[in-house]
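Structure first, commentary second.
Chain naming here is simple, since letters A, B, ... match the order of the sequence lines and numbering starts at 1 in each.
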Amino acid sequence: MLIEKRSLKVILVKSFGFWLVLSLCGLTLHSQSNISISGRIQSSSQNKAISDAQVGIKGQQFTVFTNDNGEFALSVPNKFPIILQLRHAEFQTAYLIVNSGVYQNVELNPRNESGDGVRSQIIRIFGSVYDDKSNPLKNVNVIIHQLQREQRPVGTTSDKNGAFQLFFNDVLPVVLEVSSLGYENKRLVIDSRDTKDLEIILGATSLGLKEIIIQGEKIEQDILRADYSIEKLDVKELQLAPSFDFYDAIAGLKDVDVATQSMQFQSINARGFNATGNVRFTQMVDGMDNQAPGFGFAMGNFAGVSELDIESIELIPGPTSAQYGLNVFNGILFMKSKDPFLFQGLSGTLKLAANRFPEGGGGKDFFDLGGSGVYDFSVRYAKAVSPKLAFKTNLSVISANDWAANNFDNIGVGERFERHSDVPGYNGVNSYGDEVQADLPIGPFGSNLTVTRTGYAEEDLFDYDFTNYKISGAIHYKINENLQGIVQGNFAKGNTFYTGDNRLFLRNFQLFQGKVELQGSRFNLRGYATQQKTGDSFDGRFLALQLMRAARSDEDWFKVYEAAFTGLLISRGITPGDHEVARATADSDLQLTSPAEDRLEPGTEPFNIKRNEIISTRGFEEGAGFKDNTVLYHIDGSYDFAELWDYWSVSLGANYRFFDPESSGILFPDSAGNDITMSEYGGFLQIRRKLLTDKLQITASARVDKNENFDPRFTPRASFLYRFKKDHNFRLSFQTGFRFPNLRETFTNQNLGSAQLIGGLWPLISPLNLAGNAFFQQTVDKFNQSVALNTNPDPEVNPLRFNQEQAELLNLSILESGLVSDSQINEIKPEQIRTIEFGYKSVLANNKLLIDFTYYHNTYQDFIGIVRLVKPKTSPLQDMFLAARQINNSTEREVFFIYNNARETVRSQGISVNIDFTSTGGFIVGINGAWAALDSDPSDPIIPGFNTPKLKINYTLGHNNITPNMGFKVNLRTRSSYDWESNFGDGRVEDYFNMDVQLNLRLPTINSLLKFGMSNLGNEYYANTFGGPRIGALPYVQITYDPMFY
Amino acid sequence: MYNSKLFISALVYLSISCSYELPEPLPPSILDAGTADFGRIAVLGGSQSAGFMDGALYMEGQSHSVGAILVNQINQTSPESVVFQQPGINSLNGYNPAASAVDTRGKYFIKFIDPGSSQPFKDTHSGEMPELYTGPAISNFSVPNLRSNQVMNPALSANPYYNRFASIPGTSTLIDELLEYNPTLLFLEMGWDDILPYAVNGLTGDENGDPDQLGPADLTPVELFRSSLEQIMEDLITKTDAQIIITNIPDVTAFPFFNSISPIAPINVNEAGLLQAFYRDYNLQVTRYNATAETPRPVIQFFSDDPPNLWKVVVEDPTLPEILLDDGSLLPKYRQMEDGEYVLWSVPQLPTAKGDGFGTFSPLHKSLFFTEQDIVKIQESIQEFNEIISELIVTNNRVHLLDCQQIFSRWATEGIATDGVIHSYDFARTGIFSADGLTLNRRGSALMSNQVIDLINNIYGSNIQHADVNDFRGNEFVNDFD
């Protein structure tokens, strides 16, 4: 899959243009002052200077190291007091409350058996806020912005009596920040785990703006020194992402590919082999696998976290199954919602937007832009009702008109990839029913000509209007200081689209996740259930097929077409030899041998009545509706021995999951009396050892999993992390990963209209009698190409000019070579990946420059994919010549898409680079890029499509405080063109370039943020999957009320 | 200790625990014969029932005779195997009587001889004369080319297909062999081979020939057919308890033998000029004759605007008026074929304007083409024969009709499809006729077997499963462009 020169050129030109813009912008604006701190650190026992000690600000990832004389100096945008954190591998960690700039001879105690001396604990703060006349102040923001344990703030607001209370788990001391409109801000150091009756007096001030500026760090230490490549978006980055939905911001992370199927359904992938239903990528929400269990993949953020409740997103590209469970093959995304103890109060957001603007301009006058409205509203409320009990609730509603899939290029016979619906063999990408074809003997010189039925455009079948709801709630109960119980429920309902084997309209689709979790300081025990309900969902292709067949059967339609074209209907006034006339005749109610009706035309009442009847009928024999109410039950537990042994870190865990599909026999063979289920379980052990005074970290982990249908699999991993000269972190890892076939790949038995999708279990494959009776699809393609050459009417190309039958006889040996043999189709087994990854990560230039580089090489074996087989109804062993005719007639053959394993080993490799720079003026400039490619194009047809642009580059320019209360961000994305292969269809995804912008204004007077933005500035429609919806501009305005942040 | 054993057992169980097994599909219902008795099934008929295909009786054709497929379907669900013994021919290509004038030829196959032309032709494999049958007692008593009057005639042993299994050649009769078998269910196909010899020879035989000395191209006289069939039926009714299914005769003129070669073909100007010159003198004589004749004769014309660049095959038509030439000889009776007339599939080669000019320089003999009048004549004969069959049926309730006339007519006019697969009423790739154009091939035989099955199930309340027609192969095709 080579990048076309044209697309590469576009990317380079656009890249140059972007950097030109950057250079013109200049990077010298300053918006706040820094504080400078310097000092010297020495050993308490020997009074010797300590070199290489880390000096940072507690809760932030900003770090400098002491020199050989133990001296350090740092300059940060902040205000006193702050808390310095002093760390060294051989000494206990110390915290220093800093109120001035110079410190001499700070002493550190040597480490002992208890480790670095740092212990997190429950911290309770009870207090009240008054003005200088002792009047209680309500709605005062009380926030601890940076905690040690996690990179997020904790806070609340005072009640009508001015009282507040905060409970959280962290390391003392902490800095409490108190602010309210019209009053001075205060920063107080809290160094007691129980602070009661804290009285805070705020003096009035004429300045009503918050002065606390949160300066996020380039990267957290945990991530900087992780042995995986981790991408993280914290709450602030998510809030200020230049996208309509925070989930869209993920697309800007390096290595990430997105497959958009709906506004509400975007599949995330990393490192190749992208898919609309991405079973190789796992999405976790608060520890729960967010997949729709019947489908086997997560549905973007359809059933994820509300924008107001999202705290952070972490993405690990590549396989991490040794730690996070089997099936984490291409990567994993963690979505973490806000803790109600830490994020309390009421918040809400309202977004108004518009989409689906006409390409190339709007309506008749300047102000008539066209487009349709998008409305998005969310509200969140959280409260700690006691030091032990807290709860939160979320509601979000979005209503819009979804992106339409309207690619009508011809993928059938005729002028391929040109939109000529008048060719007899036309089969449009997003028109359905026209894949029903037959070879009729009406071509020149007696040759066959492929004719397709008249299908329906997707727009005629689907109603793109939708309203989606998300409701969630959680109750957190702290049993004691080290033990917390959580009960959580997430529910989503609405409409969306899925480009799977066919385009599915998921109507009134529901997904519910309920969780019970026990969190200890060293262990975690969790159980959850996920149930999907497909509601009134239906399959667009079957809707089209049933509409067509309601008027006339396929067999009869082709008979009439042939009769009309060959002149058998001259007596009825039908002009022969005209394809348009023949089609119109076949679409009419002319009766030949069977009763027929006029084709149902979209928009007419008979069409609407029949459409409603079909989509409300479940099962594909007569209807288009389907049911998949699969339930997943999951329990897992882990124990972390991290604090038991010095230098050694050991953790282990186990999980069990149980699938209970419920499709009433439509998608799975779970018809009456055959209640299928599937269970799998596994466990892992991880050992980590630090050496060379923490400079080298070696991690070894192993995992064993068993699925009831497959043999146990062992997944080992080893990684080496080396820190060189303070700032340079090198990592090298080796991993073997497996992925069990999911429910669908194992059990499915689904009629796709043009094919039957079959799971890989042998009891499902065996009855098909494929050996000796079916051909591989690529053999059929090769045969057809050769026949077409031999029947070409151009005497220069084909001097002998064989007729169709002669040409087919001539090429039978091609078919014989592609006959499926006994050994070629076996029961499916887990797929395997072996990965070698090298990475480098560093924060340089006084924490202003982040450099992140990764190279990986993947080797895939037993890749799970689809083998496409064509089985003529007459066995080729009986009559190869007859079979050769049947393979191209949809009524005379069966097409099977069977989940199976590739025999060929596939290798891919890639490089990703992320450079992120923050100027002294606060401008953030970033560029990340990824190059990914297969080592060689695989010939094995089972291997799924790589479906990944060879080159993708993201650019970022932004400033959070270009004025005290204003920020902006611009993202640009370029993708080279690439081939897309899927069950739905194969084709080219053109290169694209788009830009997202946002400008935000903080409105402290009303604790709000006003955000103006536009996705895909320029309204240049693009699709990131073949056959998927095309995405245009989305301008929006958003106001968010959240006292904790604004 | 107990706990560790339990743990190990659990571990082993979990690691090998059962994988999913689909429920076994329900087996088809066990055969219920209803009121029928499948104990001794027999077949008596001609070429069609013998499994004669592609002009020959060979192993694969014989194993796909209607009777063989019927019994095979019965045995699919029958708890006890029903025996259907055929006189095994033990020959791959068989013996092709129509093609063995010079040497022993076998079955036909179809070949494309001209790139780009949709008109195929036929050829033969080498063949072998049938060997004597020495196997177990048979239950398929069908003999290729069997006329109804031969069933009770020991002279049938002159037919090598009967001679090979006759218990006493020259003495025993076919009906005796059948009666000795004492069938419980008999499939009787009579009349097809009484009509076909006359039709395939272009009606050049005698339609009222001597009953004792019928020629190979003669029609079996109607009354001979009546008396023969009545005698057969009387023997069967009185001497056995068999339930009898008898077929009537389809419209054989719609068989591809009679309509597969068009009388019209393309021609270029040079060829037309040569031919026109060849027939110049002939046309002069005809023109001269027509000037005074009451019934004019057609001239031979190769230049034509309707249709352009096409020529019509020249044939010899004995029904044309005689023209006496000056030298006392008769002008040959030539004409060109008309629309609605067909060159028969029995032609030794396709008509051509090249080379020996078969059908152009060398007009076709009457035995090689079929006129509209011929079609009418054959159809009238079929109707007479079928009326005789119908009359016999109403006389006894043990006899039931398989209405092949109606079934074949429906297939020919409405088309045939099974499970979405379209079959054609010809010997093309999708066809149900074998390469001889007269007998059904394996797919056709399966189709007909299903009709028999439907009839048996309807009459007797049995539940025999249909044969899957698409499991049977069609005809053999090759490219031969030398």
Atom group of [X] that falls short of 4.5 Å from chain B, counting heavy atoms:
| X | value |
| --- | --- |
| A:Ala884 | both |
| A:Glu894 | neither |
| A:Leu810 | both |

Check: [X]/[Y] side-chain N/O donor and acceptor closer than 3.5 Å:
| X | Y | result |
| --- | --- | --- |
| A:Asn790 | A:Asn811 | yes |
| B:Asp454 | B:His466 | yes |
| A:Thr891 | A:Asn889 | no |
| B:Ser65 | B:Gln86 | yes |

Is B:Arg429 positioned over the aromatic face of A:Phe881, cation under 6.0 angstrom from the ring centre and no more than 45 degrees off axis?
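Positive - B:Arg429 is close enough to the ring of A:Phe881 and near enough to its axis.
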
B:Asp114 versus chain A, the contacting section by heavy-atom distance below 4.5 Å
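When you check distances to chain A, only backbone atoms of B:Asp114 fall under 4.5 Å.
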
What part of B:Arg442 gets within 4.5 angstrom of chain A, counting heavy atoms only: side chain, backbone, both, or neither?
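Neither part, no heavy atoms under 4.5 Å.
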
Contact leader toward chain B among A:Lys873, A:Gln886, A:Met880, A:Arg893, where contacts are heavy-atom pairs under 4.5 Å
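Most heavy-atom pairs under 4.5 Å with chain B: A:Lys873.
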
In terms of heavy-atom pairs under 4.5 Å with chain A, which of B:Asp468, B:Val478, B:Asn479, B:Thr418 leads?
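That would be B:Asn479.
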
Evaluate A:Thr874 against A:Asp879 for side-chain hydrogen bond (donor to acceptor under 3.5 Å, both in side chains), listing each step before the verdict.
CA-CA 7 Å; A:Thr874 295; A:Asp879 193 330; over 6 Å; no

